[in-house]
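Encoded as structure tokens, the structure appears first; notes follow it.
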Amino acid sequence: MRTLWAGCVGLCFISLLTAVSGELRLASYYGDHMVLQKAPERAVIWGYGTNNTTVVVSLSGLSNRNTYRSTVRDSIWRVTLDPVKAGGPYNVSAVESGGSDGKIMITDVMFGDVWLCGGQSNMAFTVSQVNNSLAELALASKFPDVRIFQVALETSLVELTDLSGVSVPWSVPTAHLLGGGDFTHFSAVCWLFGRYLYQTLQYPIGLVESCWGGTPVEAWSSSRPLQKCGIPQTPKSHDDFKEDEPLLLAGPKENSVLWNAMIHPLLNMTITGAIWYQGENNGNYNRDKYSCTFPGMIDDWRMAFNKGSGGQTAADFPFGFVQLCTNKQSNVPDGFPEIRWHQTADFGYVPNERMKRTFMAVALDLHDAASPWGAIHPRFKQDVAYRLTLGARAVAYGEKGVSHQGPFPSSVHVNGTYLILTYDQNVFATPAKDTFEVCCSMEKVQCSSADIFWISAPMVPQDPSTVAVSLGGCAAEHVASLRYAWKDWPCGFKACPVYSADRVLPAPPFVLHRWP
Ligand SMILES: *[C@@H]1O[C@H](CO)[C@@H](O)[C@H](O)[C@H]1NC(C)=O
Ligand SMILES: *[C@@H]1O[C@H](CO)[C@@H](O)[C@H](O)[C@H]1NC(C)=O
Ligand SMILES: *[C@@H]1O[C@H](CO)[C@@H](O)[C@H](O)[C@H]1NC(C)=O
Ligand SMILES: *[C@@H]1O[C@H](CO)[C@@H](O)[C@H](O)[C@H]1NC(C)=O
Ligand SMILES: *[C@@H]1O[C@H](CO)[C@@H](O)[C@H](O)[C@H]1NC(C)=O
Ligand SMILES: *[C@@H]1O[C@H](CO)[C@@H](O)[C@H](O)[C@H]1NC(C)=O
């Protein structure tokens, strides 16, 4: 403002006056090139203004000319638009009457589906870091209707009303914005998910990235689910996390600080759903509570977004996530198998009765030992995003005939020398020496992850939907549990023993217990 003032007369004087007397502005989330949620939901628009004045919002566009009024209370005004079908561009203007006569307008606003992308470093991982990045970046300009927005990295000890920072304002994608430096902007999984979705839906997609490397689920959760799950106060020392992460990825760990600063301010927007890539930082931190905290966070976000949007964002909005990929090839336990299981609320698959309207991209076969950012950051995000998109099409959009779940056992029986495993679908199976294991125990109890009684159980394919798992020398009556792919790094690249018949979807890992 000072520069403008110094360099001009007349016009700049007016803009300076407006800035001083008029408080009228939109919340920081709104801006040129944005995507507002399309019909049947109604988009919420809010901002700040002069107390007791009326703000009139209008939408000028191809065929729509409605106006909406709101009285400013506690310096905040808010309108809910009528449903607008997908498309655009529109201009949205807000005029304050009876006060400062302030006026603002945002242009090139599209209506489409808005998706929130959250998590830690594998969500922050940018398009310039993925395999084949040059070709991916070159495609940016071909998708002008997939718009991006990124929340700045901020923490807060209290719930914020508005974002305290924006890292990428709403933008039409460019190679520069998608490849703006390692772990900065823009998320490859978020972008590729949006792009693949656009190719199916053919209408605008708005992507809101709000994630931070090296963060546990507790930082992204309000106190409600944390209390329900009995999560203690945040540890004082970051050493409690036992993670050897580079400084850039050592995000905040304190309970709720990212919920407060990077999620709470977004609640009053209308969104379609959310995707999430996180869990690595819980491998050694509140790991055994993750089957409570993760589904608990999803429930709480759903409740809060629904309430904040005045009922516009669905109370059960679709929530997709990436099941952890791999980290270490050694057998040092790092909690990855347990977190993968807990990500499904210990069902092994989603959606399930605890986690309704969720979808999951299994990623344990997409490892990348040679990644320049460490094996914990695999570069093959295209497959991850593609598998997520299949889940979104089936679960969020109800598209018929889209398979999105890898094979899961529907029954197991012992025939003397083998466990005969029948899957819920036909499988592409290859013999495996040690990906299946049985727990051979004379005690009629559930075997734990670390039990010493686990032994390799070689598997051979049988019928189109069954495999036979040998008991590995265990007497049939002593087989207490059976598990699959229960290692950090269980199989070769896209070479796990069990896939869907079309070889696209890997079977998720599981553990099944004989005794209750
Ligand atoms: C705004 O309206 C409220 C409620 O009608 C009133 O109490 C208050 O005095 C008004 N404030 C101003 C600055 O006019
Ligand atoms: C939006 O505003 C811009 C700048 O004033 C104008 O050029 C454009 O025609 C407007 N578009 C619509 C759809 O009203
Ligand atoms: C607007 O009203 C709220 C309470 O109604 C008050 O706390 C705030 O100071 C007022 N803002 C201004 C700029 O007068
Ligand atoms: C990496 O990208 C190249 C294209 O440059 C592609 O041929 C190859 O299959 C990709 N690798 C993996 C493992 O996806
Ligand atoms: C957002 O929604 C919540 C819950 O309805 C409400 O308490 C809060 O005032 C809203 N904030 C804004 C800025 O409209
Ligand atoms: C058990 O199943 C295996 C593998 O299908 C088969 O070779 C074997 O004959 C079966 N044994 C019995 C007793 O049915």
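Just so you know, ligand 1 is whichever comes first in the structure, and atom 1 is the first atom listed for that ligand. What you are looking at is a predicted structure, and each value in this text was computed from that prediction instead of being measured.
The side-chain tip of K85 does not point at the ring of F111 from less than 6.0 angstrom away and within 45° of straight on.
When each atom of ligand 2 is checked for a heavy atom of S60 under 4.0 Å away, the hits are 12 (C), 13 (C), 14 (O). Remark: ligand 2 atoms within the under-4.0 Å shell around heavy atoms of M105 are 2 (O), 5 (O). Close approach of ligand 2 to P89 (heavy-atom distance below 4.0 Å) involves ligand atoms 13 (C). Taking every non-hydrogen atom of N91 and a distance limit under 4.0 Å, the qualifying atoms of ligand 2 come out as 1 (C), 2 (O), 3 (C), 8 (C), 10 (C), 11 (N), 12 (C), 14 (O). Interface atoms of ligand 3 facing S75, defined by a heavy-atom separation under 4.0 Å, are 1 (C), 11 (N).
Under a 3.5 Å cut-off, the side chain of T270 and the backbone N or O of R42 do form a donor-acceptor pair. Although no hydrogens or angles enter the test, the distance criterion places a donor-acceptor pair under 3.5 Å between the side chain of H185 and the main chain of L177. Using a distance-only test at 3.5 Å, with no hydrogens or angles considered, a donor-acceptor pair links the side chain of N260 to the main chain of S256. No donor-acceptor pair under 3.5 Å is formed between the side chain of T50 and the backbone N or O of T53.
With a heavy-atom cut-off of 4.0 Å, E23 touches ligand 3 through its side chain alone.
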Polar pairs, ligand 6 vs protein, N/O only, below 3.5 Å.
{"unit_1": "ligand 6", "atom_1": "2 (O)", "unit_2": "N415", "atom_2": "ND2", "d": "2.3"}
{"unit_1": "ligand 6", "atom_1": "5 (O)", "unit_2": "Q462", "atom_2": "OE1", "d": "2.6"}
{"unit_1": "ligand 6", "atom_1": "11 (N)", "unit_2": "N415", "atom_2": "ND2", "d": "2.8"}
{"unit_1": "ligand 6", "atom_1": "14 (O)", "unit_2": "N415", "atom_2": "ND2", "d": "3.2"}

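Using cut-offs of 30° and 60° for the angle between ring planes, the Y397 and W115 rings count as tilted.
Annotation: Y418, atom OH; neighbour count of heavy atoms from other residues, nucleotides and ligands within 6.0 Å does not exceed 12. Open room surrounds NE2 on H176; 12 or fewer heavy atoms of other groups in view lie less than 6.0 Å from it.
Looking at W486 and S449, their side chains do bring a donor and an acceptor atom within 3.5 Å of each other.
For ligand 2, none of its N or O atoms has an N or O atom of Y90 under 3.5 Å away.
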